[in-house]
Structures are given as structure tokens and as C-alpha cells.
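Residues: numbered from 1 along the sequence shown. Numbering of ligands and ligand atoms starts at 1, following listing order.
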Amino acid sequence: MSFPKGFLWGGATAANQYEGAYLEGGKGPAVADALTGGDGIHNIPRKFIVEMPDGTRKEFGSRDEIPEGAKAIIDPDTYYPSHMATDFYHHWKEDIGLMAEMGCNVNRISINWTRIFPNGDDAEPNEEGLKFYEDVFKECRRLGIEPLVTIYHFDMPLHLANEYDGMASRHTLEAFKRYAKTIFTRYKGLVHYWLTINEININTNFMMNGVHEHISNKQKAEQCRWNLFVASAYAVKAGHEIDPENKIGLMIAHGATYPYSCNPEDVFEEIEVAHNQKWFYGDVQVRGYYPAWKVKELEREGIVIQKEPGEDELLKEGTVDFYSFSYYSSSTYAAHPEKLGESAGNMVRGVKNPYLQASEWGWTIDPLGLRINLNQIWDRYQIPMMIVENGLGAIDKREADGSVHDTYRIDYMRKHIQVMKDAVEKDGVDLMGYTPWGWIDVVSAGTGEMRKRYGFVYVDMDDEGHGDMSRSRKDSFYYMQKVYKSNGEDID
Ligand code: BGP
């Protein structure tokens, strides 16, 4: 047997991309609810409509810098994909049933911060929101599925973003602590697996996190990173205190990174990129302190982080139990990319890798990169790992009978599960679970599209909000069912 008994097989979603019902049940608006749809294939970004300090309205791309004092608004005449998403809020029983049918024993789901605290910083939590997740978790448990809960997944309360500069402020950090404590207490005994902050490394400083002026004001961006680390460490510590049974992990977007060539300059370029993009975040959350190169960088740039007494210690006390990450693709880096004279193709960032094909959205398809990751992370930290996102975003065609023949997705899954198997069997890494992204179709985080589908279950909903939300099983559903029910033995 390659995979240990009790290996966690499941699927992953996030509330802001899946739940819909964006103001129902006492929920308040989040930053994600103010993001329009975009078009990833034609590079049209998602947008915020923003009220400027002088009262005028302007549009900004989702990763643009929004000036201090400007507020993201929700315009009644604009279509926002998260408002309905794929309506888990009204389909949760059916969906959890489908998960069980697929053979899942874990369900990665996130709690919408604004369903529990509508403004993020309210004095009392919203009982209706708390009850909703309680019912969801109970249903999971009834069907033999462990909930794996992300505390904060791209859904900064809009009020905290607009009025308190999101995670750049202490006010928001304190509000997060209350929120984390509330859910640990309420779901004690129902939830044993938690992730603190989704993709903390790409989520650190853009408006998704509520932070204005995150590009021009590096001091603020670094303060935001610190606050996020403190938030995560606090959650780990509080979660352990409230229930010693809790296992709490970090969550990092951990693509594989390669040097373009054996030129030492390219090799060093990759080291620097990897430090900045991923290892920094792993090092702090696994080891409990900033790595030397980062300390030097902050000194050099004259950036002084404002810390409260005890926070350095908290980072050490709140190190994680396991390392979980999303893996979709790899990127390649050159010291002098301009000399390579290319820009199109499979590069998300970095330069084109001539050895790899890419998805319609330009994400490289690189199964071996996952095995490389598993080895590198295991060598560095020696703590259990979980792959909490992986999958292929593709355009699916649903046939009249509801079937979807997604052989391309089955191929992607098979190759990635094969390398997981190799990493466990041959490399001896400690892998505890696998929750592919968007096991059921959800709104894309990056582009706001519905047509970029990852699911094994199809949901009838399109980019303009048309569809009856009916669910149907794709061919990949039956493939994953076979894999899961055989504990990863039968993957052909
Ligand atoms: C990660 C996010 C997810 C998810 C996934 C796929 O960055 O944690 O929320 O959406 O990527 O990305 P996309 O939806 O942009 O295709």
C-alpha cells in the first residue's frame, strides 16, 4: 500500500467562491463581494468600483493599488459573481452527499468571516451564521467526512477594508483574533483540522486583504505581512488551547520554481524568488521567526515593523502542526529575462519553460513539480504535509444528458496522484491528505469566471449569472471515486 490507512482524500472550496447568498442569513459584505468578473484568457482583470475621497467613482483592477481613503463599493447595477456563486448555501446537503458518494473522508471548506461577524468587528457574532456551519459540519461527520476549515480565505470584511485598511491595521488584527476564538470555541469537537490563512504568501498585501497603497508603501505592506503572521500564530495557539485535539496548518501557494539554466546567475535568481515567494512564509510559520535574509532586507530598506510586546514569542508559540499548500504549476526564472526575447506562452510569471505545456489560462502543467515540492518541503521542515489545492481549470462542455467527458482533467489528476504516490512510496515523505481544488465548480478567484472550471461535479451557472444551479457528475467524478475508494491504489 502506498498511502497510509486513514489518508485524507477529499476536495476543497472557499466560501466566497462557492456559498453565494451574500447578504442572506445575516451575512455582511466582504471585499470578494465587491469584485466583478474578468476574463483570464484575454487578460481582462476583475475590477473594484471605488468611491474616491473626493466623492467621484473610479474602477481599479483587482491587483491595482487603491489610494488611501478610497472605499470599494457594491454597485446595484453591476454583476458580481460571488453573490450567487454556485449556491452551496442552499445546496449543502446535496453537495456533501455527492462528496460522500465520491468516497471523500475530508471536506476542505472555509468559513465566511462576514457570515459570523457581518462587519468583521461586531460586538456579538451572528447566530444564524454560526448555526449554518454547525449544520454543515454535523452533516459531514454524519457521512464520515472530516471538515478541514480555512479560517480566512480571501474574504476580508468590506467594512474593515474600507474603514481600517484591512490587515494593515491592529484593529483588524484584533477583530480577526475574536473571530478565530469564536469559531474554535463553537466548533470544538466538530472540527479537528484547520488552516489559518489561505495562500498567505499571495494574500499578503493586495486589496483582497483590504490594504490600500500596498505597492507604493512598502512599510505598510511589511506591517500587513507581520500582522498576518501574528494572526496565524494567534489562531494556532488559541486553537490548541481551546481543543488540544486540533491540528492546525498554514496554507501557502507553493508552485515549483526553476532556474532557466545552469548559469549560476539564473540559479541565484531562482533562490531569491523562491525565498520571497514561498520559503519566507513557510519559515516564519514553521520555525517561528523571520529568516536572516529578510531581517537584513528590512534593515537595509529602513523598514521598522511595529510590534506589540509578546508578539515575537507568539510567533514561536504558534508554529503549525502541518504544512499545507496549493499546487497547480511551476514557473521558471532567469537573471536576464529581457535577453530571452519572449513573453507569450506558458508563463504566469517568469519566463517560458520550453519543456512544459500549459492550460488555456497559461498555467504550466507539471506533475513532477509536485514531487519536487514534496521533497523540498519535507527536507526543509520534516513536518507532515497536505496538498490542499490542485487541479485543472478548463472549459467543459456539458452534454444534453448532463454528462461531461473531461478526459483532460482525468489525465491531469492521474499524473499528479501518480507523483504523490511516488513521493510517499519511494521518497518517504509524510503526506497526510489531498483535497483537489474546486471538486465542484466554483467561481474562479483570479478571474471571476465560471467557465474556468475545476470540478468533478458540474454546476449549471455561467459567467453572466444564468443557470439553474443543478449539479451533474463529470467523468472525472467516477475516476476520483475509484481512486478514493481504493485509497489511491487504483489510479489507471
Ligand atoms: C488559489 C485559491 C483558490 C482558487 C485557486 C484557483 O489561488 O486559493 O481560491 O480559486 O487558486 O485559482 P483560480 O480560481 O484563479 O483559477
Ligand 1 versus [X]: contacting region, heavy-atom distance under 4.0 Å:
X: Tyr454; result: side chain
X: Trp363; result: side chain
X: Ala14; result: neither

Students should be able to answer this: which protein heavy-atom is nearest to [atom], and at what distance?
atom: atom 7 (O) of ligand 1; value: Glu199 OE1, 2.4 Å
atom: atom 10 (O) of ligand 1; value: Gln17 NE2, 2.8 Å
atom: atom 13 (P) of ligand 1; value: Ser444 OG, 3.4 Å
atom: atom 5 (C) of ligand 1; value: Tyr328 OH, 3.2 Å
atom: atom 2 (C) of ligand 1; value: Glu389 OE1, 3.4 Å

Cation-pi, Tyr458 ring and Lys474 (6.0 angstrom, 45 degrees):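 The answer is no; the distance or angle limit is not met.
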Answer yes or no: is there a donor N or O on one side and an acceptor on the other, between the side chain of Tyr193 and the main chain of Val106, under 3.5 Å? no
Any donor-acceptor pair under 3.5 Å from Gln17 side chain to Val443 backbone: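 Yes; at least one donor-acceptor contact below 3.5 Å.
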Consider ring pair (Phe, Tyr, Trp, His ring centres under 6.0 Å). Of Tyr327, Phe280, Tyr323, which one does His254 pass it with?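 Exactly one option meets the ring pair (Phe, Tyr, Trp, His ring centres under 6.0 Å) with His254, and it is Tyr323.
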Regarding ligand 1, does [X] bring an N or O atom to under 3.5 Å of one of the ligand's N or O atoms?
X: Thr447; answer: no
X: Asn198; answer: yes
X: Gly446; answer: yes

For [X] and [Y], I'd like to know if the aromatic rings sit close, meaning centre-to-centre distance below 6.0 Å.
X: Tyr454; Y: Trp439; result: no
X: Tyr281; Y: Trp279; result: no
X: Phe137; Y: Tyr187; result: yes

What residues, two or more places apart in sequence or in another chain, satisfy salt bridge (Lys or Arg N to Asp or Glu O under 4.0 Å) together with Arg141? Glu146
Can you list the ligand 1 atoms lying under 4.0 Å from a non-hydrogen atom of Ala445?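 Taking each heavy atom of Ala445 in turn, ligand 1 has 9 (O), 10 (O), 13 (P), 14 (O), 15 (O) under 4.0 Å.
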